[in-house]
Amino acid sequence: MDALSWHAPDADHPARRAARASMTAVGSGRRDAWLALFAPDALVEDPVGPSFLDPAGAGHRGHDGIGAFWDSFIATISGFRFEITDSFANGPCCANVATITTTMGDGSTMTIDCILVYTVDDAGLITSLRAHWEPDRAMATLTKG
């Protein structure tokens with residue numbers, strides 16, 4: 001099964017291309033390919049604001065910070081499934097309405113309903129990824145494997 005299911009407008013747009021590439025890289029566990037999509041000083045906020053993943057709510061900046069986010073969070077998940085139900089691209093940004101299903105090593109799952117906003121530079125590199133989701137709401141969907 002593909003890690004990305006796209007049921008949304010898909011007209012070509014630089015930020016939409018970057019978003020799709022980002023989700024595909026995460027879904028296939030390709031850390032280096034994912035990091036290569038980001039500008040050197042990019043910022044990832046996942047989720048936006050303080051959370052158990054980022055208590056200060058400052059986000060993760062630059063390849064070192066974004067790589068550390070991968071290592072401490074993304075790498076701990078054994079499977080990701082992205083379902084995109086709507087997509088709005090304009091200017092340097094693309095906002096996607098998404099449901100992400102994560103599967104842990106023990107088979108437990110969690111569902112994250114979110115809005116993923118990607119901003120790119122003139123070269124098509126991601127300068128900002130802002131994932132708007134509610135940790136408590138996602139944790140309430142946790143199933144045991």
> Which ILVMFWY residues are connected to Phe88, directly or by a chain of links, through side-chain heavy atoms under 4.5 Å apart?
Replying inline: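 Once heavy-atom contacts under 4.5 Å are chained together, Phe88 belongs with Val97, Ile115, Val117.
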Under 3.5 Å, side-chain donor or acceptor atoms of residues 136-145 against the rest of the protein: list the pairs with distances, not counting sequence neighbours.
residue, atom, partner, partner atom, Å
Thr141, OG1, Thr111, N, 2.8
Thr141, OG1, Thr111, O, 3.2
Thr141, OG1, Ala138, O, 2.6
Thr143, OG1, Thr109, N, 3.2
Thr143, OG1, Thr109, OG1, 2.6

>> Please identify which of these residues, His60, His132, Arg130, meets the side-chain hydrogen bond (donor to acceptor under 3.5 Å, both in side chains) condition with Glu45.
In response: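 Of all the options given, the one that passes is Arg130.
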Counting distance only, does the side-chain N/O of [X] pair as donor-acceptor with the main-chain N or O of [Y] below 3.5 Å?
X      : Y      : answer
Ser78  : Thr103 : yes
Thr127 : Thr119 : yes
Asp121 : Ala123 : yes

>> Restricting to side-chain hydrogen bond (donor to acceptor under 3.5 Å, both in side chains), what partner residues turn up for Ser5, sequence neighbours left out?
In response: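 Only His7 meet the side-chain hydrogen bond (donor to acceptor under 3.5 Å, both in side chains) criterion with Ser5.
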>> I'd like to check the side-chain hydrogen bond (donor to acceptor under 3.5 Å, both in side chains) partners of Asp113; sequence neighbours left out, ordered by chain and number.
In response: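 With sequence neighbours excluded, Asp113 shows a side-chain hydrogen bond (donor to acceptor under 3.5 Å, both in side chains) to Thr99, given in chain and number order.
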>> What verdict does the side-chain contact (heavy atoms from CB on, under 4.5 Å) test give for Asp54 and Phe69, after you've listed the backbone C-alpha separation in whole Å, the side-chain angles of each residue and the deciding distance to 0.1 Å?
In response: CA-CA 9 Å; Asp54 180 14; Phe69 172 71; over 6 Å; no
>> Could you measure the distance from the CH2 atom of Trp6 to the CD1 atom of Ile84? Nearest 0.5 Å is fine.
In response: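 Answer rounded to 0.5 Å: 5.5 Å.
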> Ala131: what forms a side-chain contact (heavy atoms from CB on, under 4.5 Å) with it, not counting sequence neighbours?
Replying inline: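 Partners of Ala131 under the side-chain contact (heavy atoms from CB on, under 4.5 Å) test: Asp46, Leu116, Trp133.
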> With Asp106, which residues qualify under side-chain contact (heavy atoms from CB on, under 4.5 Å), at least two apart?
Replying inline: Met104, Ser108
Taking every non-hydrogen atom, the tightest pair across [X] and [Y]:
X     : Y      : answer
Ala58 : Leu43  : O-CD1, 3.7 Å
Met23 : Tyr118 : CG-OH, 3.8 Å
Ala15 : Pro92  : CB-O, 3.6 Å

>> Tell me which pairs pass side-chain hydrogen bond (donor to acceptor under 3.5 Å, both in side chains) where either residue lies in residues 10-20, with sequence neighbours left out.
In response: Asp12-Arg17, Arg16-Ser87
> Is there any side-chain hydrogen bond (donor to acceptor under 3.5 Å, both in side chains) pair reaching into residues 26-40, and which pairs are they, with sequence neighbours excluded?
Replying inline: Ser22-Trp34, Ser28-Arg30, Arg31-Asp71
Is the shortest heavy-atom distance from the side chain of [X] to the side chain of [Y] under 4.5 Å?
X      : Y      : value
Ile100 : Phe80  : yes
Trp70  : Thr76  : no
Leu125 : Val120 : no
Pro135 : Pro47  : yes
Arg81  : Thr102 : no

> Are Ile77 and Val44 in one and the same hydrophobic cluster, where Ile, Leu, Val, Met, Phe, Trp and Tyr link if side-chain heavy atoms are under 4.5 Å apart?
Replying inline: yes
> When clusters are formed by joining ILVMFWY residues with side-chain heavy atoms under 4.5 Å apart, either directly or through shared neighbours, do Val48 and Phe82 land in the same one?
Replying inline: no
